[in-house]
Amino acid sequence: MNEKIRLINDDGLRVDGRKPDELRPIKIEAGVLDNADGSAYVEWGNNKVIAAVYGPREVQPKYLQNSAKAIVQVNYNMAAFSGDDRIRPGPNRRATEISKITAEALENVILTNQFPRTSIDVFIEILEADAGTRCAGLTAASVAVADAGIPMIDLVPSCAAGKADDQVVLDVGKLEDNIGQADLPVAYVPRTGEIVLLQMDGHLTRDEFEKALNMAIEACKDIHALQQEALKSRYSPQKEGGDAE
Ligand code: UDP
């Protein structure tokens, strides 16, 4: 009964059957809400996330207004029914932190100086949570910003790597998050090569850190392609059917 739970088996596979460098299945859809200026839905393993963007619009509250650029305000929220236990509604320290780091990541790519005195409001609703919601949320949010037609340098794919049973693994799952050794969420801008989000929970050696970071960056490049595809299929849905000219 007290036996240690193994996160990697003798075949080198993880508890959900993935290889160490394998992502969970990811599905991205752009433009899922009629009432928002831009929106996106992301299913990432068992995570289900909706992002909605409004703006650029008048700043509320007004004293936050910046005469040189738009401000980016993010509200990350886990639905009461999104976890195993009921999540208490309303803001908490974790949601405030995730909202802040997501806004900072988006500010790095949105051309905010084109919209002085306005606010770009981003709402991230976690419908189902299964570890990695900040990465799924940011991935969805940047597609929603693009869907709103807001100019940006690039989309912002995000993915975590970490450590479980002494091995570096990509896209940390729920059990790995709970009893694993480290979690390293990363957001990467492919066009500039910039890292716009980097957090770490747990311990990694320098070599492990570098391996985990590179793994997460490579995964971000794959997720970036999925983000682009989601936008392409929203705005040019009939790519098949031979409409060559
Ligand atoms: N979680 C939860 N309730 C909470 C906070 C977290 O059920 O109040 C779960 C949820 O599945 C989440 C996971 O714990 O995805 C890991 O949370 P963490 O704070 O590491 O953020 P995330 O990995 O989702 O970005």
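Predicted model only: the values in this text are computed from it and were never measured. Because only heavy atoms are used, hydrogens play no part in the values below, and waters and symmetry mates are left out as well, while side chains stay in. Numbering of ligands and ligand atoms starts at 1, following listing order.
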Looking only at protein heavy atoms, which one is nearest to atom 19 (O) of ligand 1, and what is the separation? Arg94 NE, 2.7 Å

Does Asn92 offer a backbone N or O that forms a donor-acceptor pair with the side chain of Thr96 under 3.5 Å? yes

Ignoring hydrogens and angles, tell me if any N or O in the side chain of Arg117 forms a donor-acceptor pair with the backbone of Gln65 under 3.5 Å. no

Can you report which non-hydrogen protein atom sits closest to atom 8 (O) of ligand 1, along with the distance? Ile87 CD1, 4.0 Å

Minimum heavy-atom distance Asn108-Glu194, with the two atoms named: OD1-OE2, 4.3 Å

Out of Gly83, Gly162, Gly132, indicate the one that has the non-hydrogen atom closest to atom 23 (O) of ligand 1. Gly132

Just distances here: any N/O of Asn47 and N/O of ligand 1 closer than 3.5 Å? no

Of the options Asp130, Asp84, Asp16, which is the one that meets Lys174 in a salt bridge (Lys or Arg N to Asp or Glu O under 4.0 Å)? Asp84

Protein contact to atom 1 (N) of ligand 1 [nearest heavy atom, distance to 0.1 Å]: Met78 CE, 4.1 Å

Who's the nearest protein heavy-atom neighbour of atom 12 (C) of ligand 1, and how far? Ala131 N, 3.8 Å

Please tell me if the side chains of Val53 and Ser39 come closer than 4.5 Å, counting only heavy atoms from C-beta onward. no

How many angstroms lie between CZ in Arg94 and OG in Ser99, if you round to the nearest 0.5 Å? 10.0 Å

Residue-level breakdown please: for Asp177 versus ligand 1, do any non-hydrogen atoms fall below 4.0 Å on the side chain, on the backbone, on both, or on neither? side chain

Atom 24 (O) of ligand 1 [closest protein heavy-atom partner, distance rounded to 0.1 Å]: Thr133 OG1, 2.5 Å

Ligand-residue contact atoms, ligand 1 with Ala129, heavy atoms, under 4.0 Å: 10 (C), 11 (O), 15 (O)

For the residue pair Ile223 and Ile26, establish whether any side-chain heavy-atom pair is separated by less than 4.5 Å. yes

Which residue from Lys174, Gln199, Glu97, Arg134 reaches closest to atom 25 (O) of ligand 1 through any of its heavy atoms? Arg134

